[in-house]
Amino acid sequence: MKLLDGKTVLVTGASTGIGRAAAIGAAQHGADVAINYHSRDDDAEAVVEAIRGLGRKGIAIKGDVADAATATDFVARAKAELGHVDVMVSNAGICPFHGFLDMPAETLERTLRVNLHGAYYMVQAAARAMVDQGDGGAIVAVSSISALVGGEYQTHYTPTKAGVHSLMQSTAIALGKHRIRCNSVLPGTILTEINKDDLADDEKRTYMESRVPLGRLGQPEDMVGPIVFLASDMAAYVTGAALLVDGGMFVNLQ
């Protein structure tokens with residue numbers, strides 16, 4: 001069963017990792033897909049080729065989500081080329097690991113602007129398009145287990161992910177009257193570009209795996225089902241919710 005058949009899905013930060021998996025997964029479920037990406041041209045084109053290989057329309061639009069103009073451009077161009085905006089998956093994010101006491105101001109500011117401001121701009125632009133269309137929609141934001149727990153080298157990152165989670169709660173209220181549902185997914189440790197260097201240490205990776213009741217770290221594809229579900233009509237009465245996708249890690253942190 002194709003849960004997104006006939007829908008148009010927009011995904012930010014989709015040249016690699018969770019965004020890539022979500023974009024291709026949406027196409028597998030029948031959606032036409034527009035992806036936003038920051039710099040990886042070849043990777044973005046490969047995602048578009050995969051989407052088109054599934055018989056769906058796919059386009060890639062380059063832009064920095066930290067810039068508010070990127071969001072309005074992305075949504076406008078996606079709607080012009082694909083005809084509609086049904087779903088926004090706000091995924092773009094960075095996490096340059098760094099200690100707290102000597103955190104460079106530019107690292108903090110960049111993380112805030114990409115992860116939190118970028119999500120705000122994209123969600124707002126998509127919501128405006130959905131309201132204009134008048135037939136509702138779905139917004140799924142990729143938060144993190146880091147919205148709920150701390151990290152020594154993530155003092156700049158965890159507040160942004162808590163903010164994304166909170167943004168979905170507030171927009172669920174603000175947009176409910178327009179039949180726009182807003183939910184977040186909270187991944188645990190997923191093997192992506194963000195953490196590949198951090199987890200290159202075999203001892204640390206083994207330790208992290210030991211904390212997961214399901215016995216392994218996540219793959220980007222593990223996020224597809226939860227995102228597609230929340231984007232689909234199967235979740236028609238789900239809004240303001242947060243879905244942990246962490247192999248049980250959070251409930252095992254004691």
Side-chain angles (χ1 to χ4, degrees), residues 3-4 7-14 18-19 22 26 31 33-36 61 63-80 82-93 111-148 157-187 223 226-245:
L3 297 181
L4 301 177
K7 294 186 183 296
T8 297
V9 176
L10 282 60
V11 187
T12 70
I18 293 171
V33 184
I35 69 166
N36 150 271
I61 301 170
D64 184 352
V65 298
D67 182 353
T70 294
T72 54
D73 177 65
F74 178 49
V75 172
R77 290 175 61 185
K79 184 173 181 178
L82 301 180
H84 211 259
V85 178
D86 295 298
V87 178
M88 166 62 79
V89 179
S90 177
N91 164 76
T111 304
L112 287 168
R113 292 204 63 83
V114 171
N115 294 7
L116 186 54
H117 295 188
Y120 193 101
Y121 298 143
M122 283 291 181
V123 169
Q124 184 184 56
R128 286 170 172 165
M130 292 172 184
V131 170
D132 288 344
Q133 291 166 173
D135 50 5
I139 297 170
V140 183
V142 179
S143 176
S144 172
I145 192 174
S146 296
L148 307 176
Y157 175 78
T158 58
T160 67
K161 289 303 184 177
V164 168
H165 164 58
S166 179
L167 176 64
M168 288 300 94
Q169 292 178 317
S170 293
T171 54
I173 300 168
L175 299 173
K177 58 181 171 286
H178 299 290
R179 293 183 295 121
I180 300 171
R181 299 181 298 101
C182 302
N183 297 288
S184 59
V185 288
L186 282 65
M223 300 302 303
I227 290 172
V228 168
F229 163 69
L230 291 172
S232 77
D233 294 339
M234 288 192 72
Y237 201 57
V238 181
T239 195
L243 177 56
L244 270 166
V245 190

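Heavy atoms only, all atoms of each residue included: Met88 and Ala126 are closest at CB-CB, 3.6 Å. Taking every heavy atom of both residues into account, Val114 and Gly93 meet most closely at CG1-CA, 4.1 Å. Shown here for Gly19 and Val11, the closest heavy-atom pair between the two residues is O-CG1, 3.6 Å.
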Is there a side chain to side chain contact (heavy atoms under 4.5 Å, CB included) between Val140 and Val142 once you walk through the steps?
-> CA-CA 7 Å; Val140 183; Val142 179; 5.6 Å; no
Stepwise, does the side chain to side chain contact (heavy atoms under 4.5 Å, CB included) test hold for Thr160 with Leu112?
-> CA-CA 6 Å; Thr160 67; Leu112 287 168; 3.7 Å; yes
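Side chain of Ser184 to main chain of Ala141: no donor-acceptor pair is present (N/O by atom type, distance under 3.5 Å, no hydrogens or angles). Remark: side-chain polar atoms of Thr12 are paired, donor with acceptor, to backbone N or O of Ala92 under 3.5 angstrom. A donor-acceptor pair is defined here as one N or O able to donate and one able to accept, closer than 3.5 Å; such a pair exists between the side chain of Arg181 and the backbone of Leu230. Of the possible polar contacts, one joining the Asn183 side chain to the Ala241 backbone as a donor-acceptor pair under 3.5 Å is found. In this structure, Arg179 contributes its side chain and Gly134 its backbone to a donor-acceptor pair below 3.5 Å. Side chain of Gln133 to backbone of His84: no donor-acceptor contact under 3.5 angstrom is found. Proximity of a side-chain donor or acceptor of Asp86 to a complementary backbone N or O of Val9 within less than 3.5 Å is not detected.
Atom OH of Tyr157 sits about 6.5 Å away from atom CG of Asn115, to the nearest 0.5 Å. In this structure, the separation between CD1 on Ile139 and CE on Met122 is 12.0 Å, given to the nearest 0.5 Å. Atom-to-atom distance recorded for Thr171:OG1 and Ile180:CD1 is 9.0 Å, nearest 0.5 angstrom. The structure places CD1 of Ile61 at 4.5 Å from CZ of Arg77, a figure rounded to the nearest 0.5 Å. Atom SG of residue Cys182 and atom CG of residue Leu167 lie 8.0 Å apart, to the nearest 0.5 angstrom. Here the NE2-CD distance, from His117 to Gln124, works out to 12.5 Å after rounding to the nearest 0.5 Å.
Annotation: salt bridge (charged side-chain N to carboxylate O under 4.0 Å, His left out) contacts of Lys161 (sequence neighbours excluded): none.
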